[in-house]
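Working notes for the structure below.
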Amino acid sequence: MPDRIPNALTLAALDRRRFLGLAGALGTAAALAACGGPSTSGGGGAEAPTDETDWSTITPAKEITFWSSNPGSSQAVTQQLIDAFHAAQSDIKVTLVTAGANYEEIAQKFQAAQAGGDLPDVIVFSDVWWFRYKMLDSIIPLDGLVEAVGIEKDDYREGLWADYTYDDAQWAIPWARSTPLFYWNKAHWAAAGLPDRAPETWAEFTEWAPRLQAAGLGTQRAFQHPALAGYAGWSFQNVLWGWGGGWSAQESFDITCNSPESVAAIQFLQDSVYKDAWAGVASSDSVNDLTAGAASATIASTGSLVGILKAATFEVGAGPLPGGPEETSPVCPTGGAGVGIPKDIAPENQLAAATFVKFLTSPENTVTFSQATGYMPVRKSADTAAIVAAAPQVQVALDQLEVTRTQDYARVFLPGADQEMAKTCANILTSQADVQAELDALKTTLETIYTRDVEPNL
């Protein structure tokens, strides 16, 4: 597959930030068609618009709407922040609208609104979806507004801010950002005589699992893999990277999901379910299985932290993701959501929206949001002492943020690839299908997506 990429676009010759934008724009060209929205394939990428509005001449709108999917059960705390915004000023009223149960649903509603005219003024989208909005020319670059309302961009964590930068323009502001964490039941650990920490490697947990199962804990399995539909493409990168593999080569479209290293990684996952039988696969939510005592450990987002702590009747441990036989760090991807502003609304609404976004993501409010959800504070100056004091597990997420790795391009830039990965992993982990054959077929599928939907645009 790499020989199909034009020499002028050799990945090594491009700086990472610019290529992220290029790959995000081109690699998601047909994704909206699969999710109920229009396709953007079949042509060259549009030129990045420039922001020439003189915002000093604009008066902010008096009322705006904020569309959210309430990631991490954040509706209550988001409304709390909106109420605080109203208390701090009286010029702008914000109405919170639950526009979907997840990122996909809010994306579909947003695309439908492009035709209907009932657009939001601020919208939540994941660090994958913003590429699609940008390609559809349905959001605005925020640089002029950032300057106009005084958003201190240098105070945002660099990696999180840069996730939304394309062609020297900023397309979103970090908000509900996360990484996966390893969660465990400390009472089960103690009963099995295990050290009070997360396993450093998957090999170490493989040694621990039989002790957990032999401890008479009443669990179904020592470990529960996350539900595949939402997590396989994301969280299994940890295992793939640990074995020296990946869905694709690092920062490349070279599909490596069926390499010997990747096959060994996915074979390890299948063996954990069938051969060694210490793991199960969640049908809907592995967090519920953990808090109900049906499993001793799982992997889930930092955005699940507060919910886990509230639901669990036991002391919860949280640690960094385990390493593998080839790599122990970095083996953790980032994830989560930012907030952006639609293009086809009045400048008055855009200015009011930016004013609200500044408040929403202030150092104090990012702490409030983190305390309520478990998402990471996105501001460097945020005082995290109170968060860590209330939930020491948060420090793990903050520390792990420093050793994260960019997600595989095959997952985030090939339209529909995440669903294909989930289907493949379901065949392997729930039907015991042959690992090599399934990953060979997945490679063919991913390369077809690349050839059909990405290469023509390069």
Side-chain angles (χ1 to χ4, degrees), residues 55 58-114 116-127 129-130 132-134 138-142 145-146 148-151 156 160 164 170-178 303 336-370 372-373 375 377-379:
W55 295 105
I58 305 296
T59 300
K62 294 184 179 300
E63 295 188 9
I64 60 172
T65 57
F66 176 26
W67 280 16
S68 179
S69 54
N70 302 315
S73 301
S74 59
Q75 182 174 356
V77 67
T78 302
Q79 187 60 56
Q80 175 186 338
L81 295 176
I82 290 173
D83 292 342
F85 180 65
H86 293 159
Q89 54 80 54
S90 59
D91 295 330
I92 303 169
K93 178 184 177 182
V94 179
T95 299
L96 176 63
V97 176
T98 299
N102 52 47
Y103 299 134
E104 287 68 35
E105 288 186 8
I106 198 172
Q108 291 178 45
K109 184 170 182 177
F110 183 51
Q111 292 310 318
Q114 301 296 317
D118 186 20
L119 289 166
D121 301 297
V122 182
I123 184 170
V124 170
F125 43 76
S126 76
D127 48 0
W129 276 99
W130 75 264
R132 311 178 191 195
Y133 297 149
K134 190 268 175 204
S138 57
I139 59 175
I140 61 169
L142 301 177
L145 284 167
V146 164
V149 302
I151 291 176
Y156 290 78
L160 303 184
Y164 304 105
Q170 192 69 21
W171 297 90
I173 305 298
W175 183 50
R177 300 305 308 275
S178 63
V339 287
I341 298 175
K343 178 180 179 182
D344 293 329
I345 60 175
E348 292 82 0
N349 292 62
Q350 293 170 341
L351 182 57
T355 302
F356 170 63
V357 168
K358 176 185 178 181
F359 181 88
L360 181 71
T361 61
S362 71
E364 297 78 13
N365 289 332
T366 195
V367 168
T368 299
F369 189 76
S370 179
T373 61
Y375 283 108
V378 299
R379 300 291 292 269

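Heavy atoms only: backbone and side chains are in, while hydrogens, waters and symmetry mates are out.
- Expressed to the nearest 0.5 Å, how far CZ of F85 lies from OG of S362 amounts to 11.0 Å.
- Nearest approach of E63 to D121, heavy atoms of both residues: O-OD2, 4.4 Å.
- The shortest heavy-atom contact between P60 and I92 is CB-CD1, 4.0 Å.
- The two residues A88 and F359 come nearest to each other via the heavy atoms CB-CE1, 4.2 Å.
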Enumerate donor-acceptor pairs with a distance under 3.5 Å from any side-chain N or O in residues 350-358 to protein atoms, sequence neighbours excluded.
{"unit_1": "Q350", "atom_1": "NE2", "unit_2": "P342", "atom_2": "O", "d": "3.2"}
{"unit_1": "Q350", "atom_1": "NE2", "unit_2": "K343", "atom_2": "O", "d": "3.0"}
{"unit_1": "T355", "atom_1": "OG1", "unit_2": "L351", "atom_2": "O", "d": "2.9"}
{"unit_1": "K358", "atom_1": "NZ", "unit_2": "V149", "atom_2": "O", "d": "2.9"}

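- Under a 3.5 Å cut-off, the side chain of N102 and the backbone N or O of E105 do form a donor-acceptor pair.
- Looking only at atom types and distance, the side chain of N70 has a donor-acceptor partner in the side chain of T98 under 3.5 Å away.
- Nearest heavy-atom pair, T361 versus P174, reported as atom, atom and distance to 0.1 Å: CG2-O, 3.6 Å.
- Going from atom CH2 of W67 over to atom NZ of K109 covers 5.0 Å, rounded to the nearest 0.5 Å.
- Between L145 and I140 there is a side-chain heavy-atom pair separated by less than 4.5 Å.
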Audit row: V339, F66, side chain to side chain contact (heavy atoms under 4.5 Å, CB included) steps and yes/no: CA-CA 9 Å; V339 287; F66 176 26; 4.0 Å; yes
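- Here the options are Y133, F110, Y103, the test is ring-ring contact (aromatic ring centres under 6.0 Å, His included), and the partner is F125; only Y133 passes.
- Under the 4.5 Å side-chain criterion, counting only non-hydrogen atoms from C-beta, K93 is in contact with H86.
- If you check the side chains of Y375 and S74, you find no donor sitting under 3.5 Å from an acceptor.
- Within the model, atoms CG of L142 and CD1 of I151 stand 7.5 Å from one another, a figure rounded to the nearest 0.5 Å.
- Residues T366 and V378 come closest through the heavy atom pair OG1-N, 3.0 Å.
- Ring centers of F369 and W175: under 6.0 Å apart, within the cut-off.
- A donor-acceptor distance shorter than 3.5 angstrom exists from the side chain of T368 to the backbone of E364, with no hydrogens or angles considered.
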Stepwise side chain to side chain contact (heavy atoms under 4.5 Å, CB included) check, S138 with Q111: CA-CA 9 Å; S138 57; Q111 292 310 318; 4.3 Å; yes
Check against side chain to side chain contact (heavy atoms under 4.5 Å, CB included), T373 and V77: CA-CA 8 Å; T373 61; V77 67; 4.1 Å; yes
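- Of all heavy-atom pairs spanning S178 and G303, the tightest one is CB-N, 4.2 Å.
- The shortest distance between side-chain heavy atoms of Q75 and L96 falls below 4.5 Å.
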Audit row: D344, Q114, side chain to side chain contact (heavy atoms under 4.5 Å, CB included) steps and yes/no: CA-CA 8 Å; D344 293 329; Q114 301 296 317; 4.1 Å; yes
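- For the pair W171 and I139, the minimum side-chain heavy-atom distance is below 4.5 Å.
- Atom CD1 of I173 sits about 10.5 Å away from atom CG of L360, to the nearest 0.5 Å.
- Distance check, rounded to the nearest 0.5 Å: CZ of R177 to OG of S370 gives 13.5 Å.
- Note: I82 CD1 to I64 CD1 = 8.5 Å, rounded to the nearest 0.5 Å.
- Contact annotation: the side chain of I106 approaches that of I123 to within less than 4.5 Å [non-hydrogen atoms, C-beta and beyond].
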